Amino acid sequence: MESKDKQEQELMVTVQCLVYNHETYLRECLDGLVGQRTDFRFEVLVHEDVSTDGSAAIVREYAERYPEIIRPIFETENQYSKQDGSLGRIVDAATHGRYIAFCEGDDYWTDPLKLQKEVDFLEAHPECGMVHTSAQVWEEGSGRFREELFGREGVNFQSLLVWSPITALTVMCRRSLYTEARSSFEPEVVRTWMMGDYPLWLWIAAHSSVGFLPEPTGVYRFLAESASHSTDHARVMKFAFNAYEISRYFADRYLKGRKAWWNYVNARFSHLYHQVKHDHFAMLGTLLRYFRQDFGRMSFKNRLRVLKSEFKVRTKPERYDRH
């Protein structure tokens, strides 16, 4: 049990932990959260979204064992499937810490000082709206860790427009900025977004600096099927193009100057091209359609010329010998 003095302290951090059908991984996740060693008070807000496995029972178990840390929310109907923002509104209304950290039920933290290090950093760097660390990546399919860590330093708004090296489980941000960001997004736009963390990182990076701590603090599970990964090629590409639409939304609002705009378009297009370069030639047509609004003043012939010269893209399918 925490000491009385600590319980009377200001709530420094709320950890948002979203759970749905995470029974296989959930204990490892919750162990990493309740095992944090800090000199401040923190809470773990666990949102259980009517799982069909044994996740709810595990959340109840941990809430009983760690009542001073775990604050569970048990839904009676699945909120995520509504796609109307109800999930975010419920979790945000229950979030009261000065800072917010994140860890979904299939990921986990490995550093018991993660929260302490990140609070210390943000307290010492008021110019930073958020801080993130590197993470290990566990590939469920191969049953092993990737050799390289995920995450890098030097992230800013323009680099995030092209690609995000930030995984949510490593992030801590200021609740004041989090709340302001969430309230600034138009509901009709948010409903078209397939991800909630990337827009948040972009908004915070547009209004403050982003800090980085190089040591890994957790493990991101790369699952065969998840919100962002799938064996279904069409689903993967839909997710990638939606990320472009999100970055376009923020580029329209915060990029200043024609040169900065075109640098962004070229870099983003190049990144997407490399995501599909090993696939069928027809995918380039899909890519062009997504960028038609940016290359709209160019003829189709000139657009192909740009692709060929700037990105080394084949503009004709390969010829195959029929013999």
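These values consider heavy atoms only, across backbone and side chains, with no hydrogens, waters or symmetry-generated copies. This is a predicted model, so every value here is computed, not measured.
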Which is it for S55 and E23 under the side chain to side chain donor-acceptor pair (under 3.5 Å) test, yes or no, and what are the steps along the way?
CA-CA 5 Å; S55 295; E23 178 183 13; 5.9 Å; no
Looking only at heavy atoms, what is the nearest atom pair of L122 and M130, with distance?
CD2-C, 4.0 Å
Does one hydrophobic cluster hold both [X] and [Y], with members joined at side-chain heavy-atom distances below 4.5 Å?
X	Y	result
V15	I58	yes
L26	Y20	no
L33	L11	no
Y178	I246	yes

[X] side chain to [Y] side chain, donor-acceptor N/O pair below 3.5 angstrom:
X	Y	answer
Y25	D107	no
S208	E127	no
E140	W138	yes
Y99	E123	yes
T38	Q116	no
T217	T170	no

Do the side chain of [X] and the main chain of [Y] share a donor and acceptor less than 3.5 angstrom apart?
X	Y	result
E43	T14	no
R152	P214	no
N21	T52	yes
Q36	G32	yes
N242	M194	yes

Near-ring test [Y]/[X], centroid separation under 6.0 angstrom:
X	Y	value
Y249	W193	yes
F74	H47	no
F157	Y254	yes

Could you check whether the rings of H132 and F212 sit parallel, tilted or perpendicular, using 30° and 60° as the cut-offs?
tilted
What class does the angle between the rings of W203 and H207 fall in, given that below 30° is parallel, 30 to 60° is tilted and above 60° is perpendicular?
parallel
With a 4.0 Å cut-off on N to O distance, would you call R60 and E64 a salt bridge?
no
Salt bridge flag under 4.0 Å for residues E139 and R144
no
With rounding to the nearest 0.5 angstrom, report the OG to CG distance, S51 to D53.
5.0 Å
Inspect the surroundings of CD in E147 and state if more than 12 heavy atoms from other residues, nucleotides or ligands are less than 6.0 Å away.
no
Cation-aromatic face contact R248/Y244, 6.0 Å, 45 degrees:
no
Would you mind listing every salt bridge (charged side-chain N to carboxylate O under 4.0 Å, His left out) that reaches into residues 173-182, with sequence neighbours excluded?
D92-R182
R221 and side-chain hydrogen bond (donor to acceptor under 3.5 Å, both in side chains): which single residue from H22, E104, E28 fits?
E28
Going through the checks in order, is the side chain to side chain contact (heavy atoms under 4.5 Å, CB included) test met by H96 and R71?
CA-CA 12 Å; H96 303 296; R71 288 181 53 217; 4.1 Å; yes
